[in-house]
J.: 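Below: one structure in structure tokens.
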Amino acid sequence: MRFFITAAVASLLQTCFAATATDWRSRSIYQVFTDRFARTDGNTAAPCNVANNLYCGGTWKGLEKKLDYIKNMGFTAVWISPITAQVANAYHGYYQNDLYSLNTHFGTARDLRSLASALHSKGMYLMVDIVPNHMAFASCPDKVDFRRLKTFNHPDKFHSYCPIKNTGNQTELEDCWLGDCNMALPDIKTDDPLVAREMNAWIRWLVSAHNVDGLRIDSVKNVNKAFFPPFCRAAGVFCMGEVSEGHANYTYPYQKQMDSVLDYPLYYSITRVFQQKSNMSDLVVALASCTDNQETGCKDPTLLGAFFENHDNPRFANVTQDLSLVKNALTFTMLGDGIPIVYQGQEQNFAGGDDPWCREALWSSQFNTTSPLYKHTALLNNIRNHIVSESAPYLSYQTRILAYTATEMQLRKGAIRTVLSNQGEHAPTWALKTQGMEFEKGKTVFDVLSCARYGVDGNGEVDVNMRSGEPVVLVEENVLRGSDLCTCERGRGSPRYRTVCGGERGTHDL
Ligand SMILES: *[C@@H]1O[C@H](CO)[C@@H](O)[C@H](O)[C@H]1NC(C)=O
Ligand SMILES: *[C@@H]1O[C@H](CO)[C@@H](O)[C@H](O)[C@H]1NC(C)=O
Ligand SMILES: *[C@@H]1O[C@H](CO)[C@@H](O)[C@H](O)[C@H]1NC(C)=O
Ligand SMILES: *[C@@H]1O[C@H](CO)[C@@H](O)[C@H](O)[C@H]1NC(C)=O
Ligand SMILES: *[C@@H]1O[C@H](CO)[C@@H](O)[C@H](O)[C@H]1NC(C)=O
């Protein structure tokens, strides 16, 4: 009898941790690059020369100690670098040589379990990056000694070597090898049923051994599509794939193989528009390309990973330092249809260029919680988390474009209406008359970013004060009840809020 009870409890626990797509839809993800987030010793003066491509000392323990920095920004999930054992110096985690051992630079199995339980006790999820496409061996491809790999230590487990010459040829992408003569990346033969079975057993083990809630899957376009459905079923948790390709009709169909993909098509559009390389119609086209699922195979835009920075691309601030532009990009990303993802350092306005420059050590910011983008990110998560908890259907509303010009766009997703601009911080102050907002006549509406307050006119519209190219997020007053956004109650008597209650602009208490 005791055995049965234990088994039942164990399976219950299992279910608790097995977070599905539905569980993830409401989340917002903070991407941690483990070697560069926080050190166990908490030393924020430790040097980290990104150009060296060497370990800088970040660990799972260091991360665990700094979880409140992430939680206080409103994030409800953390994505960490791959956890598997690596060849020498592979600080990023994408050169594994043993699937069943951990990267000792990042810590022990105990540290990782401790991180997972610390996250869970804060109500947050753990997403782990995984690499099913390849193993790594530091040599030219023809010099790989397969016997020295700790798992799959036989050439039969891999496709025979060929270089990827034509990236337009899907067969080559899937069957040939990534890497070069410094680092061979033997391509796991995932289309072989026996190998696939071993991979499925591995991922089932990895998820349960480390209490993982979701997976970010690397190099998806280099793996045969049919591999994924059974693999993700074996994992039993949410799967989000990296298909690093901007063409909607290439990337979105992968959503038939797994719950989600990183929204690279939207990434390119967001950066073009808010770096002033194109106008708002670029975003109109991008949004339509996922809505029109017949055309592109996009199954569910509310599960796509929405981002505009990561560890593989130049940061936004590498291209423009204009704070209002990045605030607009963040507002669009975090209040759009997908699951928002912010890469560590975005909130500190880091400005590194392409890999490896975009992999700065976060600790160099002293984990500053008063920097403008930390506060802006916190505010956006706060709004989203509040609306999600008050109104579950919010997540199923698909963003509607109400109106747009070359430089401004008005959007609605359920209770949240946004006005975005890509004019930049030198734009003059002007009044924008909204179109199609359908607010309740006579009600009060707040811009929750500035706490400016507007009366709704007889047509259900407001005259928005556009200031220095800043984004505007409009919410009816009653919707804010129960939140600490633009509230008079919580701050009653406090000078910070007096202006808000008096009907003027105010500041937020973060
Ligand atoms: C794609 O690459 C494969 C393997 O190299 C080759 O056999 C095939 O002919 C190529 N297909 C096209 C359309 O070039
Ligand atoms: C996919 O879209 C690109 C450009 O958006 C186009 O050139 C290409 O022909 C399309 N491919 C398919 C298969 O529809
Ligand atoms: C952008 O990145 C490059 C390195 O790739 C760097 O040289 C440059 O200084 C960066 N720009 C800014 C504004 O930081
Ligand atoms: C944090 O950021 C604020 C605003 O940019 C700045 O004034 C302050 O000096 C920073 N604090 C630290 C410790 O760097
Ligand atoms: C945006 O740019 C496109 C292409 O450059 C142009 O055709 C279009 O007219 C512009 N849209 C607006 C609203 O100005």
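Remember, it's a predicted structure, so these values are computed and weren't measured experimentally. Order of appearance sets the numbers: ligands from 1, and atoms from 1 within every ligand.
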J.: Check whether NZ of the Lys or CZ of the Arg Lys299 lies under 6.0 Å from the centre of the six-membered ring of Tyr252 and within 45 degrees of that ring's axis.
T.: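 Judged by the rule, Lys299 and Tyr252 form no cation-pi pair.
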
J.: In Å, rounded to the nearest 0.5 Å, how long is the span from CG of Leu304 to CE of Met240?
T.: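 So the CG of Leu304 and the CE of Met240 are separated by 8.0 Å.
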
J.: Which label fits Phe33 and Tyr343: parallel for a plane angle under 30°, tilted from 30 to 60°, or perpendicular past 60°?
T.: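 Geometry flag for Tyr343 against Phe33: perpendicular rings.
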
J.: Verify whether one side chain among Thr44 and Gln366 offers a donor that lies under 3.5 Å from an acceptor in the other.
T.: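 Yes, because at least one side-chain N or O of Thr44 sits under 3.5 Å from a partner of the opposite role on Gln366.
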
J.: If you round to the nearest 0.5 Å, how far is SG of Cys56 from CG of Leu362?
T.: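 Between Leu362 CG and Cys56 SG, I get 12.5 Å after rounding to 0.5 Å.
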
J.: Is atom 5 (O) of ligand 3 touching the protein, meaning some protein heavy atom lies under 4.0 Å away?
T.: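 Yes, at least one protein heavy atom sits under 4.0 Å from atom 5 (O) of ligand 3.
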
J.: Ignoring hydrogens, tell whether any protein atom lies closer than 4.0 Å to atom 14 (O) of ligand 5; use the non-hydrogen atoms only.
T.: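 Protein heavy atoms within 4.0 Å of atom 14 (O) of ligand 5 - there is at least one.
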
J.: When the aromatic ring centroids of Tyr267 and Tyr264 are compared, is their separation below 6.0 Å?
T.: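 Ring centroids of Tyr267 and Tyr264 are less than 6.0 Å from each other.
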
J.: Which residue and non-hydrogen atom of the protein lie closest to atom 3 (C) of ligand 3, and at what distance in Å?
T.: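 Answer, as residue, atom name and distance: Asn318 ND2, 3.6 Å.
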
J.: Angle between ring planes, His92 versus Tyr95, binned at 30° and 60°: parallel, tilted or perpendicular?
T.: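 Ring orientation of His92 relative to Tyr95: perpendicular.
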
J.: Kindly indicate whether atom 9 (O) of ligand 5 is approached by any protein heavy atom to under 4.0 angstrom.
T.: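 Neighbour list for atom 9 (O) of ligand 5 is empty of protein heavy atoms (cut-off 4.0 Å).
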
J.: Using a strict cut-off of 4.0 Å, indicate which atoms of ligand 3 neighbour a heavy atom of Ala351.
T.: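 By the 4.0 Å cutoff, the relevant atoms are 1 (C), 10 (C), 12 (C), 14 (O).
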
J.: Specify whether Phe106 and Trp60 have parallel, tilted or perpendicular ring planes, treating 30° as the upper limit for parallel and 60° as the lower limit for perpendicular.
T.: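 Rings of Phe106 and Trp60: perpendicular, as their planes differ by over 60°.
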
J.: So, does Gln321 sit close enough to ligand 3 that a heavy atom of it is under 4.0 Å from the ligand?
T.: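 Right, Gln321 reaches ligand 3.
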
J.: Output the list of atoms in ligand 3 that are nearer than 4.0 Å to some heavy atom of Trp357, sorted by atom number.
T.: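 Near Trp357, the atoms of ligand 3 are 4 (C), 5 (O).
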
J.: Quick check: Thr405 and ligand 5, any N/O pair under 3.5 Å apart?
T.: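 By distance alone, the answer is no.
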
J.: Identify whether NZ of Lys or CZ of Arg in Lys66 sits under 6.0 Å from the centre of the six-membered ring of Phe37 and within 45° of that ring's axis.
T.: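 Pair Lys66/Phe37 does not count as cation-pi.
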
J.: Could you list which atoms of ligand 5 come closer than 4.0 Å to a heavy atom of Ser281?
T.: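 Ligand 5 atoms under the 4.0 Å threshold to Ser281: 1 (C), 10 (C), 11 (N).
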
J.: Which ligand 5 atoms are under 4.0 Å away from a heavy-atom of Asn279?
T.: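 Per the distance check, 1 (C), 2 (O), 3 (C), 8 (C), 10 (C), 11 (N), 12 (C), 14 (O).
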
J.: Taking only heavy atoms of Thr370 into account, list the atoms of ligand 4 that are under 4.0 Å away from them.
T.: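 Reading through ligand 4 atom by atom, the close ones are 1 (C), 2 (O), 3 (C), 4 (C).
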
J.: Does an N or O anywhere in Asn368 fall below 3.5 Å from an N or O of ligand 4?
T.: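 Yes, Asn368 has an N/O under 3.5 Å of an N/O on ligand 4.
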
J.: Compute the shortest N/O to N/O distance between Ala317 and ligand 3 and return yes if it is under 3.5 Å, no if not.
T.: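 So ligand 3 has no N or O lying under 3.5 Å from an N or O of Ala317.
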
